[in-house]
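For the single chain, residues carry numbers from 1 onward in sequence order.
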Amino acid sequence: MTPPTARTWARRGHTPVIRVRGRSQRRFSIAALACYKQGERSRLIYRPKQHVDHKQGGRRSFTWTDYRDLLIAAHQQLGAPIVLVWDNLNVHKDRRLREFIDTHDWVNCYFLPSYAPDLNPVEGIWSLLRRSSQANTAFTDPDHLMSALRHGLRQIQYRSNLVDGCLSETGLTLTTSRQQPQ
């Protein structure tokens, strides 16, 4: 991932030009769940993964088992059933992951419409991460990048109002099937 530039400068009358070299080699992936429950603080559960064999033709993204493990960990952390609202990433629709979801009654899965990033609160998390911990930074090595990513995600995780803001930015609201006391 090329680091975003939040601010730059150039001499008056000259347009700033920023050169980056090479293409992305996708050494890291991050999966995250923005968790909302009415009456409780919002939570962010994430898993970063470093792809060590990315140059030898190895997989450069999460597998269905990685997502399965994330769901199991989220269920254990939350101690409650999960209503999962996912985008249409091909791994999310993998047959084996669907079978896992169908065989467990503590998870229900719904999909967002095709290409609707504006309805996905996790896209807001990625935006916050890029603007805070990655802006104007040249990482010295993969460990430096991973450390900055973890630190940035932890900062977002501790501030549940940021996670709430990502949900409100989508225009979606929390609803409950139970009648509220009057």
Output the distance between atom [atom1] ([X]) and atom [atom2] ([Y]), rounded to the nearest 0.5 Å.
X: C109; Y: H104; atom1: SG; atom2: NE2; answer: 14.0 Å
X: D94; Y: L89; atom1: CG; atom2: CG; answer: 10.5 Å
X: L128; Y: S133; atom1: CG; atom2: OG; answer: 10.0 Å
X: E169; Y: N120; atom1: CD; atom2: CG; answer: 12.5 Å
X: Q77; Y: I45; atom1: CD; atom2: CD1; answer: 4.5 Å
X: H92; Y: L112; atom1: NE2; atom2: CG; answer: 10.5 Å

Open item on the list: Counting only heavy atoms from other residues, nucleotides and ligands, does the tally under 6.0 Å from NE2 of H151 exceed 12?
Closed with: no
Task: N161 atom CG, neighbour heavy-atom count above 12 within 6.0 Å - done: yes
Task: Salt bridge flag under 4.0 Å for residues R98 and D102 - done: yes
Open item on the list: Under a 4.0 Å threshold between the charged nitrogen and the carboxylate oxygen, would K49 count as salt-bridged to D66?
Closed with: yes
TODO: Please test R43 against V163 for side-chain contact (heavy atoms from CB on, under 4.5 Å), starting from the C-alpha separation and ending with a verdict.
DONE: CA-CA 7 Å; R43 298 179 64 177; V163 183; over 6 Å; no
Linking I/L/V/M/F/W/Y whenever any side-chain heavy atoms sit under 4.5 Å apart, do [X] and [Y] land together?
X: V122; Y: F111; answer: no
X: Y46; Y: I72; answer: no
X: L44; Y: V85; answer: yes
X: L70; Y: I125; answer: no
X: L33; Y: F62; answer: yes

Task: Side-chain (H75) to main-chain (A80) donor-acceptor, under 3.5 angstrom - done: yes
Open item on the list: Under a 3.5 Å distance rule, please check whether S147 uses its side chain to pair with a backbone N or O of D143 as donor and acceptor.
Closed with: no
Task: Trace of the side-chain contact (heavy atoms from CB on, under 4.5 Å) decision for N108 with Y110 - done: CA-CA 7 Å; N108 290 320; Y110 300 94; 4.2 Å; yes
Minimum-distance pair of heavy atoms, taken over all atoms of [X] and [Y]:
X: L119; Y: P113; value: CD1-CD, 4.0 Å
X: C166; Y: G124; value: SG-C, 3.5 Å
X: S61; Y: S29; value: CA-OG, 3.6 Å
X: W126; Y: A31; value: CH2-C, 4.4 Å

Open item on the list: Walk me through whether E123 and T170 qualify under side-chain contact (heavy atoms from CB on, under 4.5 Å).
Closed with: CA-CA 10 Å; E123 296 296 335; T170 66; over 6 Å; no
TODO: Could you check if a side-chain atom of Q155 sits within less than 4.5 angstrom of a side-chain atom of S132, using non-hydrogen atoms only?
DONE: no
Task: Close side-chain approach of L167 to P121, heavy-atom, < 4.5 Å - done: yes
- [ ] Please state whether the rings of W86 and Y67 are parallel, tilted or perpendicular, taking 30° and 60° as the class boundaries.
- [x] perpendicular
Task: C35 and L78: CA distance, side-chain angles, deciding distance, side-chain contact (heavy atoms from CB on, under 4.5 Å) verdict - done: CA-CA 9 Å; C35 305; L78 299 171; 3.9 Å; yes
- [ ] Establish, for the pair R68 and W64, whether the NZ or CZ atom is under 6.0 angstrom from the six-membered ring centre and no further than 45 degrees off its axis.
- [x] yes
